[in-house]
Amino acid sequence: MSVRRLAEDQFQPAAFAFNDENAVWADKTIKKYPAGRQQSAVIPLLMRAQEQDGWVTRAAIEKVADMLDMAYIRVLEVATFYTQFQLGPVGTRAHVQVCGTTPCMLRGSEGLMKVCKSKIHDHPFERNAEGTLSWEEVECLGACVNAPMVMIGKDTYEDLTPERLEEIIDTFNAGNGASIKPGPQIDRHFSSPEGGPTTLLAPDPKPKASAKKAVGDAVSLPPSEAGRPKSADAETNPALKTPHTAPKAAANNVKAVEAAPLPAPAAKPAKAAAAPAASKGLADKNRPVGIEKPTAPDDLKLISGVGPKIEAILNELGIFTYAQVAGWKKAEREWVDGYLNFKGRIERDDWAKQAKALAKGGEAEYIKVFGKKPR
Ligand code: FES
């Protein structure tokens with residue numbers, strides 16, 4: 001890192017003041033920060049001072065420190081730390097920052113610096129005879145993909161050749177810098193390939209059936225599935241290490257998935273919905289009263305949401321008829337819902353209304369009420 005010091009006294013003006021417009025802007029900027037945090041405005045204020053005078057003078061540092069109630073040394077630290085702040089006078093029309101970091105160096109930044117030396121000055125930070133131009137070498141400016149590049153003011157000029165940089169410098173020196181379009185200086189849009197895109201020109205064709213199947217298989221096999229030898233799965237099929245990485249990893253390893261089929265899953269336990277929740281004790285006062293199994297129990301499966309397993313559980317609780325379900329009070333419905341771990345489904349499916357219709361007139365009444373056959 002280079003040593004950064006303030007310019008010699010001979011260059012330092014006696015005082016600094018923001019012009020009217022910038023003074024209003026500075027006040028507004030300081031007020032953006034919460035009480036006691038005004039010092040956070042130090043970088044914007046220093047940058048505005050630089051934009052006004054071309055560089056950051058000692059007087060500007062002291063002025064900003066006074067405005068923000070900061071010690072001079074604190075603002076000096078900021079100004080000398082960030083290379084974006086110019087600590088000495090620079091060209092009045094352009095200060096050319098040439099990136100010399102590896103990608104730009106490999107793509108010809110040394111040639112750009114030769115241009116700066118010949119057209120501006122042999123040494124960085126020295127101005128040309130008229131005082132209109134200066135240059136320096138800087139570290140990566142984040143446009144490596146379009147190397148080599150330079151920055152002038154707030155704009156970058158990319159994909160440069162020495163010849164193009166000469167033209168740019170001449171244009172700035174003539175006071176017409178604004179006429180140059182920043183960004184790539186070749187036939188390239190942002191960082192797209194030169195001459196236009198070369199890939200993804202048409203919509204992606206349908207993925208191959210085998211790839212689709214392999215991805216689908218991997219996605220549909222959660223690693224937590226009961227009975228599966230988890231560690232063995234993870235070893236033979238990295239795509240199954242976590243549920244979140246499975247789809248992507250599977251897509252990348254389609255062949256591996258196809259070559260190493262997964263072992264057949266062992267017998268699955270009953271679905272969670274069919275397992276009564278332990279928290280709802282059978283002795284709970286809200287448990288609906290059961291009855292002996294009648295000779296002709298109702299088909300509870302006609303109630304939407306009740307399948308054979310749920311019907312069996314209901315029967316175990318002594319629930320055999322529509323009338324029983326239709327007569328449950330809210331607390332009883334909630335008890336059954338919790339017992340079945342249904343998470344509110346009994347209310348959502350409106351078992352009470354369904355059971356009432358079925359109890360009153362069977363399927364015909366159900367159709368009358370709901371406009372469709374049960375189940
Ligand atoms: S290396 Fe030059 S912009 Fe990144």
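Sequence positions, counted from 1, serve as the residue numbers for this chain. Every number for a ligand or one of its atoms is a count from 1 in the order of the listing. Just so you know, these numbers use all the heavy atoms, side chains as well, and skip hydrogens, waters and symmetry mates. In this text, all values refer to a predicted model and were calculated from it rather than measured experimentally.
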Worksheet item: Would you say the side-chain atoms of Gln38 pair up with the backbone N or O of Gly36, donor to acceptor, closer than 3.5 Å?
Response: yes
Practice prompt. Please report how many protein N/O/S atoms lie under 2.8 Å from atom 4 (Fe) of ligand 1.
Written response: 2
Discussion item. Please determine whether a side-chain nitrogen of the Lys or Arg among Lys330 and Glu334 lies less than 4.0 Å from a carboxylate oxygen of the Asp or Glu.
Written reply: yes
Discussion item. Ring of Trp25, cation from Arg48 - is the NZ or CZ under 6.0 Å from the centre and inside 45° of the axis?
Written reply: yes
Fill in: Asn315 CG to Ile291 CD1 distance, which is reported to the nearest 0.5 Å
9.5 Å
Practice prompt. Tell me yes or no: between the side chains of Gln185 and Arg164, is some donor less than 3.5 Å from an acceptor?
Written response: yes
Fill in: Donor-acceptor side-chain pairing of Asn19 and Glu21 below 3.5 angstrom
no
